[in-house]
> 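This is the structure, below, for whatever I ask next.
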Amino acid sequence: MKTLETEKVMKAFATKVVNRAINNLAKQDHIDTGTLAQNLDYSVVVYPSGALELDFTAPFYWKFQEKGVKGSSGKNSPKGKRNGYNSPFKFTSKNIPESAVLPWVKRKGIKGRDASGKFISHKTLAYLIGRSIALYGIPATRFFSTAFRYEAKRLPDDIRKAYASDVNKFLRFAIKDYNTKYN
């Protein structure tokens with residue numbers, strides 16, 4: 001059985017999920033280089049039986065953005081946030097290498113100051129930010145799950161109608177084929 005209508009609906013659904021997820025990242029100001037947004041994609045596989053499989057793909061670190069990461073200190077952040085709450089991920093060290101944070105600090109043009117108001121180097125600032133992230137964690141964005149749930153609520157009628165259309169076309173073809181062979 002061909003499932004062209006159902007396949008179209010699944011592709012439209014997946015496209016909406018991806019676009020909404022990217023918008024969620026943008027609204028939360030979590031797009032830096034754009035790599036995650038550019039590589040968020042999907043594939044629809046149609047099996048000979050007519051079954052459909054929908055897979056979403058993204059860079060490996062998407063799950064850290066999605067679910068957050070608990071800090072190694074186990075404490076709330078200085079702002080009182082519970083970063084990475086309910087996340088399966090946790091930092092184990094008390095610092096992230098400054099080399100991982102330094103490019104971000106430079107791209108953002110962040111200037112740090114010490115207690116006396118003097119500017120500190122990018123390298124020192126990267127070290128301090130890396131330490132803070134490792135100690136207190138990364139907040140969950142739920143950028144993908146929120147998008148998926150939102151679009152999934154609107155999906156059942158579309159899928160039902162598309163699948164009914166595909167079954168109707170299949171039955172018409174089968175009856176026509178039967179009539180030509182046996183009548």
> Does F13 have any ring pair (Phe, Tyr, Trp, His ring centres under 6.0 Å) partners at least two apart in sequence or in another chain, and if so, which?
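Residues passing ring pair (Phe, Tyr, Trp, His ring centres under 6.0 Å) with F13: F148.
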
> Which residues satisfy the salt bridge (Lys or Arg N to Asp or Glu O under 4.0 Å) test with K11, sequence neighbours excluded?
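Checked K11 against salt bridge (Lys or Arg N to Asp or Glu O under 4.0 Å); matches are E7.
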
> Of all heavy-atom pairs between I22 and I31, which one has the smallest distance, and what is that distance?
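Heavy atoms of I22 and I31 come nearest at O-CD1, 4.0 Å.
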
> Quick check: closest heavy atoms across K94 and S72, and the distance to 0.1 Å?
CA-OG, 3.9 Å

> Check the hydrophobic clustering (I, L, V, M, F, W, Y; side-chain heavy atoms under 4.5 Å; chains of links allowed) and say if Y150 and V18 are grouped together.
no

> Any side-chain hydrogen bond (donor to acceptor under 3.5 Å, both in side chains) involving residues 95-105? Give me the pairs, sequence neighbours left out, ordered by first then second residue.
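Checked against side-chain hydrogen bond (donor to acceptor under 3.5 Å, both in side chains) - neighbours excluded - no pair reaches residues 95-105.
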
> Tell me, please, which residues at least two apart from A140 pass side-chain contact (heavy atoms from CB on, under 4.5 Å).
R142

> With sequence neighbours excluded, tell me which residues meet ring pair (Phe, Tyr, Trp, His ring centres under 6.0 Å) with Y42.
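Testing Y42 for ring pair (Phe, Tyr, Trp, His ring centres under 6.0 Å), a comparison that skips the adjacent residues, returns none.
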
> Which value, rounded to the nearest 0.5 Å, describes the distance between I138 atom CD1 and S87 atom OG?
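OG of S87 is found 9.0 Å from CD1 of I138.
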
> Going by the rule ring pair (Phe, Tyr, Trp, His ring centres under 6.0 Å), which residues pair with F119 if we only count those two or more places apart in sequence or in a different chain?
none

> Closest heavy-atom contact between K108 and D32?
CE-OD1, 3.7 Å

> Excluding sequence neighbours, so at least two apart, what forms side chain to side chain donor-acceptor pair (under 3.5 Å) with S145?
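Checked S145 against side chain to side chain donor-acceptor pair (under 3.5 Å); matches are E66.
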
> Once side-chain hydrogen bond (donor to acceptor under 3.5 Å, both in side chains) is applied, what residue pairs with a partner in residues 117-129 remain, sequence neighbours excluded?
S121-T124

> Show the nearest heavy-atom pair for residues S93 and A134, with the distance to one decimal.
O-CB, 3.7 Å

> How many angstroms lie between NE2 in H30 and OG1 in T141, if you round to the nearest 0.5 Å?
6.0 Å

> For a side-chain contact (heavy atoms from CB on, under 4.5 Å) check, start with the C-alpha distance between I96 and F91, then their side-chain angles and the critical distance, and finish with the verdict.
CA-CA 9 Å; I96 294 173; F91 286 107; 3.8 Å; yes

> Mind checking whether L36 and F143 have side chains closer than 4.5 Å, heavy atoms only?
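Side-chain contact under 4.5 Å: yes.
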
> Sort and list the pairs that fulfil side-chain hydrogen bond (donor to acceptor under 3.5 Å, both in side chains) and have at least one residue in residues 16-27, not counting sequence neighbours.
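Sorted result for residues 16-27: R20-E151.
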
> Tell me who clusters with L135, hydrophobic residues only, linked when side chains sit under 4.5 Å apart either directly or through other members.
Y136

> Under 4.5 Å between any side-chain heavy atoms of L125 and L102, yes or no?
no

> Determine which pairs satisfy side-chain hydrogen bond (donor to acceptor under 3.5 Å, both in side chains) with at least one residue from residues 51-63, sequence neighbours left out, and list them in order.
Y47-E53

> Above 12 or not: heavy atoms from other molecules or residues under 6.0 Å from NZ of K70?
yes

> Holding to side-chain contact (heavy atoms from CB on, under 4.5 Å), I want the full list of residues that pass it with T33, two or more places apart in sequence or in another chain.
T35, R107

> Testing the basics here: between A21 and L40, what is the closest heavy-atom pair and its distance to 0.1 Å?
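Distance-wise, the nearest heavy atoms are CB-CD2, 3.6 Å.
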
